[in-house]
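Some notes on the structure that comes next.
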Amino acid sequence: MSDTQIPADTGKHRRANIESHEATPVAPPPSVTRRLVTNLVPPILAGILVILAYAWVRSGLPPHRQFLMPSGTGIWELAFGIPDFVLELLRRSVTTMAIAVTGLGLSISFGCVMGIVMFRFLFLEKAIFPYLVVLQSVPVLAIVPLIQSALGFGFMPKVLIVALFTFFAVPTTLLLGLKSVDRNILNLFKLQNASWWVTLRKACLPFAGPTLFAGFSISGSLAVIAAITSELFFLSGEGGLGQLLMNAKIDFKYEQMYAALIMASVLSIAVYLFFKWLGNRLFSHWHEASGKQQ
Amino acid sequence: MSADSTSTTAPEGRAAADGASLPGGNAIVFDHVSMTFPDGTEGLSDVNLAIAPGEFVSIVGPSGCGKSTLLKVASGLVTHTGGKVWVDRDQLGYTFQDATLLPWRKVQDNVELLMELRDFPAEERRRIAAEKIELVGLKGFENHYPQRLSGGMKMRVSLARSLALNPAVFMFDEPFGALDEITRERLNDEVIDLFVREGFTGIFVTHSIPEAVYMSSKVVVMSRRPGRIQDIFEVPFAYPRAPEMRYQADFSELCGEISLSLRKAIEG
Ligand SMILES: Nc1ncnc2c1ncn2[C@@H]1O[C@H](COP(=O)(O)OP(=O)(O)OP(=O)(O)O)[C@@H](O)[C@H]1O
Ligand SMILES: [Mg+2]
């Protein structure tokens, strides 16, 4: 240690501000359990609060309106505890997911092509972009009757509704990402006479990846909601979760309605997490924001 | 293009690739070059400058006077609007103010990038990249992503990337402006080493007069925008240069003269 003398506190106006500062040893990487605790405890606490709030609101309802908020035991006994119902729930989830995934697939493939085309040709960007915004501002539900008249009541009209819900985020985030490539990186490619296509593949697309995946997660979490919404308008035939919601209301089975709602959230979250996971896998080694959140 | 890596010593430089000679046997010639941007901004007006093969020319001038524009015109990144430019762009090196690495590529793959764009075979790419990475002192960092390198290391990767094409003409646009003094001086020495060993023709834009004098065989002072050549100073010191040179009287004297000229340039 040094033997510098710590000066005595001489003046009235000067407070000695000298302390010894201890070093912090290099922190060991957080253990798995610790990571689980920091990542899981807050949402679990929040969830318990929500459940308590639910119970509190429910207890305040007059008895003849308590069916609006079924109890946990009710949801178990009349929905999740019944194997046949669970099977039906799963079957209907598959139906809904088929609509959601097909619609999302359409959005993603057309959206990516459109994003790239707008990036390539400025005049197409100028031509298309305003209408993308217009499309986004059209209330999709308001044109459902039109879609029904045009496409009937099968699978495709529902897929189209999902596509309309989820389209916007794809070409816009892709275009944003493609355009934000560093000017000098483009110059670097230009100096080697790289073609537009090579520049796109080796510079712009990888650069746009993280932004695009943010768009995918937004679209993805909308897709399930959109699929269920679309089903509310198409009640004929063997349907998905949306149809179950309507049936539950008609049959006064609110426990089943809640079960369907829970299932819908689970699916939505699953789609969102899937894209988040995929984005992490693809980009976290070089893109800081895609890295694991602390 | 065969990438023959034999090099002559600096002062002689390398002849133009295909023997087609430029006016006066020069490597780069600006002949009454002017550049007006589409919005009417005059970037350069009537620039005349000839650079011989194997010369290392630094360019200093007031901020915004058109130094970057001069390099962009020479490299063909922008097209000038008047006069004539002669330069063999086939083996051109160019480093920017920042390292402009691709963050998703490891050091090795970043150094291979330009060769990839030139369709070098994979085997050759790997060999040359390894060689240049060693040359800039980054052996052992091949598998690092740029995110994990310091600013000086990134600049070295950027240098290695350009060197891989064995440039005959090498342009530097304020490459070390963002680095601390010590790192900067070390990289100065590395660039001079490379220059002596590889024998390219260099144009080096900088804001630091000592850096310009230390590295160059000629220092060009540009006037305020629209840029033109105001003064050219010959630097009489032989290569390779020793860091102690910076403390010699004649070094300081030359720096002083250039500084005065630059002051005149700024005041107009
Ligand atoms: N694309 C452009 N359109 C219009 N004006 C431009 C453009 N690019 C550069 N300029 C102008 O041309 C002038 C010269 O720019 P340049 O970048 O060559 O300056 P510089 O000497 O490199 O400056 P610095 O030392 O700050 O890097 C500046 O005044 C700038 O505003
Ligand atoms: Mg500049």
Side-chain angles (χ1 to χ4, degrees), chain A residues 26 29 112 119 122-123 126 173-174 176-216 275-294, chain B residues 1 68-69 71-79 87-107 109-120 143-149 154-155 157-159 161-162 164-165 167 169-175 178:
Chain A
V26 179
C112 286
F119 178 60
L122 187 65
F123 72 94
K126 298 268 182 233
T173 52
L174 178 56
L176 180 72
L178 291 172
K179 282 176 135 185
S180 49
V181 181
D182 188 300
R183 177 95 242 140
N184 280 337
I185 287 185
L186 296 180
N187 281 339
L188 194 70
F189 279 70
K190 195 173 165 192
L191 283 171
Q192 303 308 325
N193 293 319
S195 64
W196 177 83
W197 179 242
V198 168
T199 311
L200 178 75
R201 252 189 28 235
K202 299 204 179 210
C204 305
L205 277 180
F207 197 86
T211 329
L212 180 62
F213 264 71
F216 286 173
F275 282 112
K276 204 154 161 65
W277 169 81
L278 194 60
N280 260 342
R281 253 192 80 104
L282 291 172
F283 308 121
S284 67
H285 57 284
W286 64 270
H287 190 255
E288 280 160 47
S290 316
K292 291 176 190 71
Q293 70 226 60
Q294 277 307 101
Chain B
M1 261 302 95
S68 299
T69 308
L71 291 197
K72 283 182 184 155
V73 163
S75 63
L77 282 175
V78 299
T79 316
V87 58
D88 180 6
R89 287 179 187 148
D90 192 53
Q91 279 170 287
L92 186 76
Y94 201 120
T95 62
F96 300 92
Q97 180 155 8
D98 40 12
T100 59
L101 304 179
L102 301 184
W104 55 90
R105 283 176 172 241
K106 295 175 176 170
V107 167
D109 302 326
N110 262 297
V111 175
E112 287 187 20
L113 176 72
L114 302 186
M115 295 187 276
E116 230 174 276
L117 299 179
R118 290 293 195 94
D119 295 322
F120 282 43
N143 289 322
H144 283 232
Y145 286 96
Q147 205 187 3
R148 289 177 47 204
L149 302 179
K154 285 184 198 159
M155 245 11 260
V157 178
S158 182
L159 285 175
R161 179 177 65 188
S162 294
L165 289 184
V169 174
F170 207 145
M171 306 183 179
F172 305 82
D173 192 354
E174 280 185 61

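Here the structure is a predicted model, which means the values were calculated and not measured. Chain identifiers are assigned alphabetically (A, B, ...) following the order of the sequence lines, protein sequences preceding nucleic acid strands; residue numbering begins at 1 within each chain.
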* **Choice from B:Thr100, B:Asp98, B:Leu77, B:Leu102 maximising heavy atom contacts with chain A below 4.5 Å** => B:Leu77
* Considering non-hydrogen atoms only, spot the tightest contact between B:Ser162 and B:Tyr94 and give its length. => OG-O, 3.3 Å
* **Check against side-chain contact (heavy atoms from CB on, under 4.5 Å), A:Ile185 and B:Phe96** => CA-CA 9 Å; A:Ile185 287 185; B:Phe96 300 92; over 6 Å; no
* B:Arg105 portion near chain A, given a 4.5 angstrom heavy-atom threshold -> side chain
* Contact winner vs chain B - A:Ser195, A:Ala194, A:Ala203, heavy-atom pairs under 4.5 Å -> A:Ala203
* Sort B:Arg89 into side chain, backbone, both or neither according to what part of it lies under 4.5 angstrom from a heavy atom of chain A. => neither
* To do: Decide side-chain contact (heavy atoms from CB on, under 4.5 Å) for A:Leu278 and A:Phe216; before the verdict, give the C-alpha distance in whole Å, the side-chain angles of both, and the deciding distance to 0.1 Å.
  => CA-CA 10 Å; A:Leu278 194 60; A:Phe216 286 173; over 6 Å; no
* To do: Verify, without hydrogens or angle tests, whether A:Ser284 (side chain) and A:Arg281 (backbone) share a donor-acceptor contact under 3.5 angstrom.
  => no
* Structure fact -> Under 4.5 Å to a heavy atom of chain B? For A:Asn184 that would be both
* Steps toward side-chain contact (heavy atoms from CB on, under 4.5 Å) verdict (B:Leu159, B:Thr95) -> CA-CA 7 Å; B:Leu159 285 175; B:Thr95 62; 4.0 Å; yes
* To do: Please flag which part of B:Leu101 lies under 4.5 Å from any non-hydrogen atom of chain A: side chain, backbone, both or neither.
  => backbone
